[in-house]
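Shown below is the structure under consideration.
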Amino acid sequence: MAARVKLFGFVGGFVCGAAVSTGSCLTVLKLYRLDPEEQSTPGREDGADNEVQQLIGRFGLPETGAEVRYYANHALSYDQARKTPRWVAEHLTNHKLRGKANRKHCKFRADPAIPACFSAGNEDYLGSGWSRGHMAPAGDNKQSEQSMAETFYLSNIIPQNYENNAGFWNRLEMYCRELTQRFQDVWVVSGPLVLPREEEEDGRKMVSYQVIGKDAVAVPTHLFKAVLVQNSTDVNNDNDNDQSAAPVLALGAFVVPNRPIGFERPLTDFQVSLPELERASGLRLYPGLPRPTADLCELDGCQLMGFKEFTLYLTGRKVSGARSLVKLEQFMSELSQQEIQPDDYLNDLYLQKKKELLLRANREQPEGKTGAG
DNA sequence: CGGTCGACCTGT
DNA sequence: ACAGGTCGACCG
């Protein structure tokens with residue numbers, strides 16, 4: 001506290017000195033003590049203060065570049081010091097998740113709206129030991145090539161542990177998409193965190209984090225997600241006579257370490273209260289949300305895909321993209337090698353792909369041994 | 001779904 | 001010869 005008082009005195013003194021030609025020190029001190037809300041209120045017609053404000057801002061006041069930026073299907077606030085987003089917000093619906101936009105047509109690039117001197121570059125990430133992790137996922141934007149392409153702007157990217165990105169975080173994103181099957185609206189706010197190290201033998205807590213590349217992109221220690229769901233009518237409520245069916249509104253907040261997390265850890269291990277997340281992040285999340293809100297995990301379980309389910313899903317994606325019969329068979333044998341039996345969906349996918357590849361092989365090499373059908 | 005990397009082609 | 005971009009193989 002002593003330090004703060006000292007600092008206050010210094011600042012006050014400095015301002016008084018600088019503003020000696022107008023106003024009184026008292027006025028300046030009063031301004032300094034004003035609520036942030038009040039300070040930013042323009043149109044105060046109250047003469048003296050206004051003059052002081054204009055003088056202080058004679059050559060402009062510092063700009064953070066943290067203003068909200070809107071894209072086709074996400075919005076974010078950017079951190080010019082860390083070269084990452086502070087938060088990224090999205091709205092998901094079942095309908096919006098349909099489409100055939102493909103990440104193969106996208107590429108990571110600097111956000112053209114971010115000044116170059118505050119922007120990360122691909123070079124910062126490549127070979128850094130960290131992957132480029134989406135905050136607004138590409139998979140939430142299959143509806144439009146444009147919106148998917150925009151999620152590849154580095155303003156939406158943070159340095160993320162490979163295994164975390166492809167694994168636990170991936171499954172969390174899938175869970176968010178899955179929620180649109182049970183809720184009409186899903187809102188997600190995601191972002192990086194740099195949290196103090198827990199230990200330190202002498203009891204001190206320290207914030208430290210790696211930075212990568214020539215632009216010194218900050219590697220977050222943790223990632224957060226705040227998931228809000230809504231149904232205008234409760235789909236689980238089969239009581240037709242319930243006229244007062246209030247809209248269901250439930251929220252789950254999660255803080256996930258930026259390192260590998262295995263299948264043995266349930267999502268609920270990483271759940272925190274909304275106020276807890278807000279204190280850690282310094283963000284007021286969903287400020288328009290009536291509180292307290294129902295717990296998403298009590299309402300919906302917060303169950304991520306298990307190992308078997310996830311492996312089946314991945315194999316399905318690989319099978320769909322198989323370019324040769326040998327690869328196709330390899331994907332299936334890898335599955336049985338893990339002692340997982342394909343389900344009906346995967347079997348259909350497999351047979352369909354096999355037919356397609358055989359057809360193609362025959363067309364390109366009609367005299368091959370597979371010919372004479 | 002989430003990623004990386006290297007071979008290869010292109011332009012100056 | 002070398003920077004830069006595309007494409008396909010690869011991994012969890």
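The basis for the numbers below is simple: all heavy atoms, side chains too, and nothing from hydrogens, waters or symmetry mates. Computed from a prediction, not measured in an experiment: that's the story for all the values here. Each chain gets a letter, A, B and so on, in the order the sequences are listed, and its residues count up from 1.
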Whole angstrom is fine here: how far is it from CE in A:Met174 over to C1' in C:dG12? 11 Å
Rounding to an integer number of Å, can you tell me how far A:His105 NE2 sits from C:dT6 P? 12 Å
Could you run down nucleotides 2-10 of chain B 5' to 3' and tag each one B, S or - for protein heavy-atom contact under 4.0 Å? BBS------
With the 4.5 Å side-chain cut-off for hydrophobic clustering, are A:Ile340 and A:Met332 part of the same group?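 Yes, because A:Ile340 and A:Met332 connect within a single hydrophobic cluster, where side-chain heavy atoms sit under 4.5 Å apart.
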Who are the side-chain contact (heavy atoms from CB on, under 4.5 Å) partners of A:Val68, not counting sequence neighbours?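 If we apply the side-chain contact (heavy atoms from CB on, under 4.5 Å) test to A:Val68, skipping adjacent residues, the hits are A:Tyr70, A:Ala75, A:Trp87.
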Do A:Arg171's NZ or CZ and the ring of A:Phe263 fall within the cation-pi criteria of under 6.0 Å and 45°? yes
Evaluate A:Arg109 against A:Glu123 for salt bridge (Lys or Arg N to Asp or Glu O under 4.0 Å), listing each step before the verdict. CA-CA 10 Å; A:Arg109 66 176 80 178; A:Glu123 335 77 60; over 6 Å; no
Strictly under 6.0 Å, is that where the ring centroids of A:Phe108 and A:Phe152 end up?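 Ring centroids of A:Phe108 and A:Phe152 are less than 6.0 Å from each other.
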Interatomic distance where CG belongs to A:Asn122 and C1' belongs to C:dT6 [whole Å]: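 It is 14 Å, rounded to the nearest whole Å.
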What's A:Arg323 touching, base or sugar-phosphate or nothing? Going by heavy atoms closer than 4.0 Å.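 The answer is sugar-phosphate, as A:Arg323 gets under 4.0 Å only of primed atoms, P, OP1 or OP2.
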Go through the structure and list residues passing side-chain contact (heavy atoms from CB on, under 4.5 Å) with A:Ser119, not counting sequence neighbours. A:Ala110, A:Ile114
5'-most contact on DNA chain C (nearest-nucleotide basis), A:Gln330 vs A:Lys107, goes to A:Lys107
Within the pair A:Lys318 and B:dC1, is there a side-chain N or O less than 4.0 Å away from OP1 or OP2? no
